[in-house]
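To start, the structure itself, in structure tokens.
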Amino acid sequence: MVIVFQSKPSLLAGGVVAGPLENRSIFSQYFDSVYDDERWQMKTNEQGHRKMIEEACEFAMKKMGVQKGDINYLMGGDLVNQMTPTNFAARDLEIPFIGLFSACATSVSSVIIACLLTELGAANFSLAGASSQHNAIERQFRYPINYGAQKPQTAQWTVTAAGYALIGKHREEYPSIEAATIGKSVDYGMDDPFHMGAAMAPAAFQTIQSHLQQRNQKIYHYDLILTGDLGQLGLKLLKGMLVENGVKNEELTLLRDAGAEFYGQDEAFQSGASGAGCSAAVFFSYVIQQMRAGSYKRVLLVATGALLSPLSYQQGETIPCTAHAIEITMK
């Protein structure tokens, strides 16, 4: 279902902080800060994760000269059980808080809710975003990193990063969010947690197709369509599905994936990057800056998420996935 925002809320600023390995990302030059300690000098991974969220929000606010008291709502989530890092960051930020879980699609679902509140007239400023911390997420969904488990080439590397966007009323000099598509939960029967790209690609395909059809658009109407964390293999599958449905090969140059590109061609990261912080870090740094520089005029951001849990995997369930999209323009 496509939502058209008549008031065109603006994406005013983004704040992105990342961990030490993320300094190897091809996008690191766009981040606000890259830390040497993945725990942010805290005792636990989860505490460091919380600190990362707080600092990303502070960067976004500082860029627009607003204070915590000016923010009407904070919306965000992460991948830790019950989203405790985000919950505790909200406690410290003292901003009215709506916790959201769309797995790695939370970077966009949070922005959609922020835009709806802005459109309603209920918010002047909102913070929306997502985050992930490699060690904490690997321990929860796969194995503790000290275990040294080997991964197949289809696996992806969970990013340590937090990205938050400041959403406000329309301003012509900033990127504006014109429309959004809320994706369905799509399950193609995949059950391998080391092959998330294959599980999420059908959801990305369905959301992109739905958005383009309902907006009466083609891929070439965009300067960029950027998915969140399909990785190299998932992106290849998505392109194949689009070609099978009539998309021309030359149009596929407009389709990219943040996870596939995040660590460049470094084979140590297998099929690329993943995690809720992956799309958030790229969307709210690189994309905003490129749009403000005039490189892109119309962009479709499609965040993908695998809606599994350790328990659902242990019980033999397949992996339902979702993808949410926002259409952003710049004059």
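Basis for what follows: all heavy atoms, side chains included, without hydrogens, waters or symmetry-related copies.
The hydrophobic cluster containing V108 also contains I328, counting ILVMFWY residues as joined when their side-chain heavy atoms lie under 4.5 angstrom apart, directly or transitively. Residues M330 and Y30 fall within the same hydrophobic cluster, defined by Ile, Leu, Val, Met, Phe, Trp and Tyr side chains chained together at heavy-atom separations under 4.5 Å.
Exactly one of V247, L238, I219, L224 qualifies for a side chain to side chain contact (heavy atoms under 4.5 Å, CB included) with L255. That residue is L238.
Side-chain atoms of T207 and T181 include no donor-acceptor pair closer than 3.5 Å.
To the nearest 0.5 Å, atom CE of residue M200 and atom CG of residue L230 are 5.5 Å apart. For the atom pair CZ (F31) and OG (S285), the distance works out to 5.0 Å, reported to the nearest 0.5 Å. Distance check, rounded to the nearest 0.5 Å: CG of L100 to CG of D78 gives 11.0 Å. Residue S210 holds its OG atom at 7.5 Å from NZ of K184, rounded to the nearest 0.5 Å.
Using modelled atom types, no side-chain atom of T329 and backbone atom of R298 make a donor-acceptor pair closer than 3.5 Å.
For D32 and K63, the salt-bridge test passes: some basic side-chain N is under 4.0 Å from an acidic carboxylate O. Salt bridge E251/K218: absent, no basic N to carboxylate O contact under 4.0 Å. One finds no salt bridge joining R50 and E55 here, because no Lys/Arg side-chain nitrogen approaches an Asp/Glu carboxylate oxygen to under 4.0 Å.
Two residues are said to be in side-chain contact when any heavy atoms from C-beta on lie closer than 4.5 Å; V16 and Y286 fail this criterion. A heavy-atom distance below 4.5 Å is found between the side chains of L12 and F125.
By the 30° and 60° cut-offs, the orientation of the rings of F27 relative to F262 is tilted.
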